[in-house]
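Take a look at the structure below.
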Amino acid sequence: MKAHDGMYIDGAWRPAAGSDTIEVLNPVDEQVVGRVPAGTAEDVDHAVRAARAALPAWAATPPTERAARLSALRDGLVARQDEIAETVTAELGSPLKFSQNVHAAVPIAVAGSYAELAATYAFEEKAGNSTVHLEPVGVVGAITPWNYPLHQIVAKVAPALAAGCTVVLKPAEDTPLVAQLFAEAVHEAGVPAGVFNLVTGLGPVAGQALAEHPDVDLVSFTGSTAVGRQIGATAGAAIKKVALELGGKSANVILPSADLAKAVNVGVANVMSNSGQTCSAWTRMLVHRDQYEEAVELAATAAAKYGDRIGPVVNAKQQARVRSYIDKGVAEGARLVAGGLESPREQGYFVSPTVFADVTPDMTIAQEEIFGPVLSILRYEDEEDALRIANGTVYGLAGAVWAGDQAEAVAFARRLETGQVDINGGRFNPLAPFGGYKQSGVGRELGTHGLSEYLQTKSLQF
Ligand code: NAP
Ligand code: MG
């Protein structure tokens, strides 16, 4: 795989301040596919200075010109889509088809949506005797995870650039190569030097330096709740804007009137996709007691068909973490009906698609985010019980409701404490705001709501 040995700062690839590097491994065969520099606080500081210096001119660039750069960036991602898919497959381990259809394709759609929004959004409003200007927040520190590595980058950088902000990105250490491809595309799109900067490195070093940098105005983070809490506290102490997209433990609620087989099969596919490493995955399936055993059988059969085709999880640590949850599920008395601790392959960080039945709401596997291909099936007595169980975690990122009648599903969805609900298998929409209720986060990404995170108002009274 192609890898740059420098940081993309102020419009060029520049040598890192230190000499440490990060080895990028392929989770399928555990082989090294590339090496990138491990950035330090010094690299972060260079990048933030470049972003600060570039801010006044970029903020003053007409939105239509910013839109033109974003449109060129989208085209650059289109031109690179094969390379992007191959790179994500190499560093994340996801099957190539999934990398093409999701990891490469979704960022193109999101970049395109912001090219359009930058051109059409009203950056000026009237309110009585005032004119309200929507101005960029300033320098953005973006910290992203590895599970949808390019999507999570584009979901932050595209709206930030559309708003007139400048950016320093610290991508996940496991997936820095696709971040470097993104930087190439930004460069070719004619985005001025310093507007976008990339510092690869470790979270507690480069990530923390970026989150703590006094000249960063807004920190946008996606990842674990533990790190998010720390970043939120740091930002709070500095009175900085912060956006946090954290974990989830979403419920897939199958009401008795639903098409059970369809709801179960789509539900299993949702959890197994990307090897279960999706923050919005419906990892708790809720089934009425009269349909429970039928659903369990359908889910077990569906899961067993996936085998190793879902790909591995991202690294050895994640594999161990997911296995420890499988252990815990068994220890707490859940019934294992598919998968388990045995890996479908000897080499690589594979975890068997796993399904637990007889999961009760208080069990660890029903409460904590596992981030692996593990589905828990819970039994409910009636609708009120289903609602209580669905809302009974600290999270509130996503969910699904299935019913014979759309209105019935919508009525139930409106009572869920969660930011996104798919009705009878509704499709992902890159224009819909994405983000969490409760401890799933603060702020929203995508569409106009995602853009407004990067804007602040200035009111002029006349
Ligand atoms: P993580 O540590 O929170 O990683 C997210 C990003 O934050 C990475 O770029 C990471 O760098 C960086 N980071 C880590 N420590 C930091 C610090 N002290 N200050 C600033 N930045 C820091 O998540 P993870 O270790 O990759 O995954 C752990 C768990 O998080 C998963 O099992 C899952 O439950 C959850 N997760 C959620 C999402 C989501 O989309 N909501 C995504 C990924 C993970 P490094 O890459 O160097 O660690
Ligand atoms: Mg980490």
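Excluded from the calculations below are hydrogen atoms, water molecules and symmetry mates; all remaining heavy atoms, backbone and side chain alike, are included.
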Interatomic spacing from CD in Q81 to CG in N101 - rounded to 0.5 Å: 10.0 Å

- prompt: R444 side chain to G436 main-chain N or O, any donor-acceptor pair under 3.5 Å?
  reply: yes

message: Run the side chain to side chain contact (heavy atoms under 4.5 Å, CB included) test on L378 and M285 for me, step by step, so that the C-alpha distance in whole Å, both residues' side-chain angles and the decisive distance to 0.1 Å come before the verdict.
response: CA-CA 6 Å; L378 294 94; M285 183 182 284; over 6 Å; no

- request: Verify the distance criterion only: is there a donor paired with an acceptor across the side chains of S220 and K156 at less than 3.5 Å?
  value: yes

message: Just so I know, are the side chains of V88 and S94 near enough to count as touching, which here means a heavy-atom distance under 4.5 Å?
response: yes

message: Run the side-chain hydrogen bond (donor to acceptor under 3.5 Å, both in side chains) test on N315 and W146 for me, step by step, so that the C-alpha distance in whole Å, both residues' side-chain angles and the decisive distance to 0.1 Å come before the verdict.
response: CA-CA 10 Å; N315 57 33; W146 41 263; over 6 Å; no

D327 CG to T364 OG1 distance, which is reported to the nearest 0.5 Å: 11.5 Å

- request: Take K240 and T234, measure what side-chain hydrogen bond (donor to acceptor under 3.5 Å, both in side chains) needs, and give me the verdict at the end.
  value: CA-CA 9 Å; K240 262 181 210 180; T234 305; over 6 Å; no

task: Before giving the answer on side chain to side chain contact (heavy atoms under 4.5 Å, CB included), spell out for Y148 and V106 the whole-Å C-alpha distance, their side-chain angles and the decisive distance to 0.1 Å.
output: CA-CA 10 Å; Y148 288 88; V106 174; over 6 Å; no

field: CZ-CG distance between F221 and L210, expressed to the nearest 0.5 angstrom
entry: 11.5 Å

message: Using only atom types and a distance under 3.5 Å, with no angle test, would you say the side chain of Y292 pairs donor to acceptor with the backbone of I377?
response: yes

Side chains of S452 and Y121 in contact at under 4.5 Å (non-hydrogen atoms): yes

message: Rounded at 0.5 Å granularity, tell me how far CD in E369 sits from CG in L397.
response: 8.5 Å

- prompt: Looking only at side chains, do Y325 and E368 share a donor and an acceptor under 3.5 Å apart?
  reply: yes

task: Can you see which heavy atom on G201 is nearest to which on A206, and at what distance?
output: CA-CB, 4.1 Å

- prompt: Backbone N or O of A51 within a donor-acceptor pair of the T166 side chain at under 3.5 Å?
  reply: yes

- request: Kindly determine whether V32 and V24 satisfy side chain to side chain contact (heavy atoms under 4.5 Å, CB included), including the steps that lead there.
  value: CA-CA 6 Å; V32 177; V24 185; 6.0 Å; no

Polar side-chain atom of E417 near backbone of K438 as donor-acceptor pair, under 3.5 Å: no

query: Is the backbone of Q367 close enough, under 3.5 Å, to the side chain of T393 for a donor and an acceptor to pair up by distance?
result: no

- prompt: Where do V374 and V271 land on the side chain to side chain contact (heavy atoms under 4.5 Å, CB included) test, with the steps shown first?
  reply: CA-CA 7 Å; V374 182; V271 172; 6.0 Å; no

- prompt: So which heavy atom on A263 is nearest to which on N252, and how close?
  reply: O-ND2, 3.8 Å

message: The test is side-chain hydrogen bond (donor to acceptor under 3.5 Å, both in side chains); show your working for Q152 and N147 and say whether it passes.
response: CA-CA 8 Å; Q152 284 142 340; N147 56 327; 2.8 Å; yes

- request: Please answer whether the main-chain N or O of A211 pairs with a side-chain N or O of K170 as donor and acceptor at a distance below 3.5 Å.
  value: no

Listed once per pair and sorted, the salt bridge (charged side-chain N to carboxylate O under 4.0 Å, His left out) pairs that draw on residues 267-294, sequence neighbours left out: R289-E381, E293-R335, E293-R379

field: Residue Q347 excluded, over 12 heavy atoms near CD under 6.0 Å
entry: yes

message: Treating D217 as the side-chain partner and V139 as the backbone partner, does any N or O pair qualify as donor plus acceptor under 3.5 Å?
response: yes

query: Under a 4.0 Å N-O cut-off, is there an ion pair linking R80 with E86?
result: no

task: Give the minimum heavy-atom separation between A390 and L286, together with the two atoms involved.
output: N-CD2, 3.7 Å

- request: Check the side chains of E212 and Q208 for a donor-acceptor pair under 3.5 angstrom, ignoring hydrogens and angles.
  value: yes

- prompt: Is the backbone of L177 close enough, under 3.5 Å, to the side chain of T87 for a donor and an acceptor to pair up by distance?
  reply: no

- prompt: Can a donor-acceptor pair be found between the side chains of S257 and E408 at a distance below 3.5 Å?
  reply: yes

Mutual orientation of the aromatic rings belonging to F196 and F182 [parallel < 30°, tilted 30-60°, perpendicular > 60°]: perpendicular

message: I'd like to check T225 versus Y395 (side-chain heavy atoms, cut-off strictly below 4.5 Å). Are they in contact?
response: yes

Shortest non-hydrogen contact from Q319 toward S343: NE2-OG, 4.5 Å

- prompt: Is any side-chain heavy atom of P171 less than 4.5 Å from a side-chain heavy atom of V178?
  reply: no

query: Is any side-chain N of the basic residue among K241 and E453 closer than 4.0 Å to the acidic one's carboxylate O?
result: no

- prompt: Between NZ of K328 and CD1 of I370, what distance do you get to the nearest 0.5 Å?
  reply: 10.0 Å

- prompt: Can you name the nearest heavy-atom pair linking I423 to Q406, along with the distance?
  reply: CG2-CG, 4.0 Å

message: Assess the residue pair S352 and Y306 against the criterion (side-chain hydrogen bond (donor to acceptor under 3.5 Å, both in side chains)); give the C-alpha distance rounded to whole Å, side-chain angles, the decisive distance to 0.1 Å, and a yes or no.
response: CA-CA 9 Å; S352 276; Y306 286 95; over 6 Å; no

query: Does the side chain of L161 come within less than 4.5 Å of L70's, by heavy atoms?
result: yes

Straight-line distance of L298 CG to Q291 CD, nearest 0.5 Å: 10.5 Å

4.5 Å side-chain heavy-atom contact, L455 and F123: yes

- request: State, to 0.1 Å, how close V110 and S113 come at their nearest heavy-atom pair, and which atoms those are.
  value: O-OG, 2.7 Å

- request: For the pair T418 (side chain) and A398 (backbone), establish whether a donor and an acceptor sit closer than 3.5 Å, ignoring hydrogens and angles.
  value: yes

E116, CD: over 12 other non-hydrogen atoms inside 6.0 angstrom: no

message: Please tell me whether T144 and T222 have a donor and an acceptor in their side chains that are separated by less than 3.5 angstrom.
response: no

- prompt: Quick one: does Y454's side chain get under 4.5 Å of V140's, heavy atoms only?
  reply: yes

Under-4.0 Å salt bridge between E383 and R388: no

field: Main-chain N/O of V359 paired to S376 side chain as donor or acceptor, under 3.5 Å
entry: no

- prompt: Could you go step by step and tell me if K2 and E184 meet the salt bridge (Lys or Arg N to Asp or Glu O under 4.0 Å) rule?
  reply: CA-CA 12 Å; K2 182 169 68 188; E184 286 181 7; 3.2 Å; yes

task: Determine whether I310 and V351 make a side-chain contact, defined as any pair of heavy atoms from C-beta on separated by less than 4.5 Å.
output: no

field: Which residues share a side chain to side chain donor-acceptor pair (under 3.5 Å) with S280, sequence neighbours left out
entry: none

message: Could you walk me through whether Y380 and H288 satisfy the ring-ring contact (aromatic ring centres under 6.0 Å, His included) test, starting with their C-alpha distance in whole Å, then the side-chain angles of each, then the deciding distance to 0.1 Å, before giving a yes or no?
response: CA-CA 5 Å; Y380 69 81; H288 188 268; 5.5 Å; yes

